[in-house]
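Worksheet: the structure to be examined is printed underneath.
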Amino acid sequence: MRNELTRRGFVRSAAVGSAALAWLRVGPARSALAAQPGKPAALGGSPAHAGGWPDWPEWRQSWEPEIIDVLRSGKWCCSGGGGQVEQFEAAWAGLLGAKGCVATASGTTALITALHVAGVDAGDEVIVSPYTFIATYNAVLTHKALPVLADTDPETLTMDPASIESRITERTRAIVPVHIYGMPCDMDPINAIAKKHNLAVVEDACQAWLAEYKGRKCGTLGDLGCFSFQNSKHIPSGEGGAITGNRAELLDRCQAYHNCGRSYGTFKGTANFTRSSNFRLTHIQAAMLLQQIDKLQTDTELRQRNADYLTTALQEISGIHTVRLPENSRAAWHRYAFRYDPAEFRGMPRDKFIRALRAEGVPAGDGYREQYYDGLLDEAIASRGFQRLFPAERLRAYRESFRELRGNKEVCETNVGFSQNVLLAERTDIDHIVDAIRRIQMHSAALMA
Ligand SMILES: *Cc1c(COP(=O)(O)O)cnc(C)c1O
């Protein structure tokens, strides 16, 4: 219906000129008057977008003096000894409004550390979002604990709070909500369930730098929050990570665990008295991160403005289901994603839609797969360790429970998106994305022939 209205309202214009596209910029009420979409590139038209997209990551020469100072100082590590790592920890905690921060070697090692401090041990169970980068599963498996998969809410792409309680057993120790693509999970019900069942909450905020849930930053909403600064992330140092939190006792234990077990703050003792590891960040990486904090803030605002604009335009297109965020929340948009309904595109399969978008110059792709069928979890539950730690009946039921993940399956089958650098482009470039989708829809019969 919406589509018909849109079609009737098209300005009859041979060229998809920028003057016609300017209608789109007026707002949702006027966008029904958008230009007649041009011929799709897949049918020989010229691409909706020809100019490329911003590169990622970005380097600025102005950052170099501070980093070269670190190189020349010979003090390239370590945590606990002041320097850039401590400066970054203070800056990151301050930016997020957290009591403290522990810098780590990666997002994965941040998660491993936080789960240990949250009390996760061999033979435990941890409830996680299935729709995530595989490191979330692996951090749990590293502890020889079982990652029990909650379902995904197709409207939000994040953990469906209603699917958590039925998955709690006497072995459950923690919940790991993932703010996937930088979109905040609905944390209030998740925290309420955790409190009721005495479980820890470790946020996987590895894609959610500066994202906000009801006015508070992701990574400060549970017991501990984990970030990644890997090369593809919004504030990259090649590799790197951080844990944030509001309880000194937990943070001090994170410091100890990631620093070979050395005592820290309220966590007293001598080296080698507690199980631990070496997951430290270097001062060189911390110096890179310190230089990028201002950029992260301005980039985040730009991504948010462009994402809001794009969402408003895409909501006018039938068959494109934009994501619903929790109220009073801001996403960080590591990826811009929506659900695609082939029925509104004359049955065009998702793969073909993605190929047509790429032909238009929009670097679209699908999202995460149903990775619980990829073999990793089968390998884990078949391993000697897991066979010793869990009753066979539990492992069998666990494997069978993947079939209950209907919301997640739907998301895996319908998700389309593109990576964050696209949202750093000019607004007229964002218009090209909308134009590309409209073209494909209008010409879907010809594209399917
Ligand atoms: C990147 C990422 C991680 C892991 O971070 P690394 O720094 O690559 O170890 C964990 N979870 C999510 C959701 C991520 O995107």
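Each ligand, and each atom within it, is numbered from 1 in the order the structure gives. None of the values given here were measured: they were computed from a predicted structure.
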For [atom], what is the nearest protein heavy atom, given as residue, atom name and distance?
{"atom": "atom 14 (C) of ligand 1", "value": "Lys233 NZ, 3.1 Å"}
{"atom": "atom 11 (N) of ligand 1", "value": "Asp204 OD2, 2.8 Å"}
{"atom": "atom 12 (C) of ligand 1", "value": "Cys206 CB, 3.4 Å"}

| task | Over 60° means perpendicular and under 30° means parallel, so classify the ring planes of Phe402 and Tyr373, tilted if in between. | result |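 Answer is perpendicular, since the angle exceeds 60°.
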Test your reading of the structure: does [X] have an N or O sitting under 3.5 Å from an N or O of ligand 1?
{"X": "Thr132", "result": "no"}
{"X": "Phe133", "result": "no"}
{"X": "Gln230", "result": "no"}

| task | With heavy atoms under 4.0 Å as the rule, classify the contact between Ala135 and ligand 1 as side chain, backbone, both or neither. | result |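 Just the side chain.
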| field | Part of Thr108 within contact of ligand 1 (heavy atoms, under 4.0 Å) | value |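 Under 4.0 Å from ligand 1, Thr108 contributes backbone and side-chain atoms.
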Proximal atoms of ligand 1 relative to [X] (non-hydrogen, under 4.0 Å):
{"X": "Thr136", "result": "11 (N)"}
{"X": "Ser228", "result": "1 (C), 5 (O), 6 (P), 7 (O), 8 (O)"}
{"X": "Ser106", "result": "7 (O), 9 (O)"}

Regarding [X] and [Y], does a basic nitrogen lie under 4.0 Å from an acidic carboxylate oxygen?
{"X": "Arg339", "Y": "Glu155", "result": "yes"}
{"X": "Glu413", "Y": "Arg350", "result": "no"}
{"X": "Arg438", "Y": "Asp431", "result": "no"}
{"X": "Arg355", "Y": "Asp351", "result": "no"}
{"X": "Arg247", "Y": "Asp252", "result": "no"}

| Quick one: do the His143 and His116 side chains pair a donor with an acceptor below 3.5 Å? |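 The answer is no; no qualifying pair exists.
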| task | Count the heavy atoms of every other residue, nucleotide or ligand shown that sit under 6.0 Å from CD of Glu64, and state whether that count exceeds 12. | result |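 Counting neighbours around CD of Glu64, more than 12 heavy atoms of other residues, nucleotides or ligands fall under 6.0 Å, so yes.
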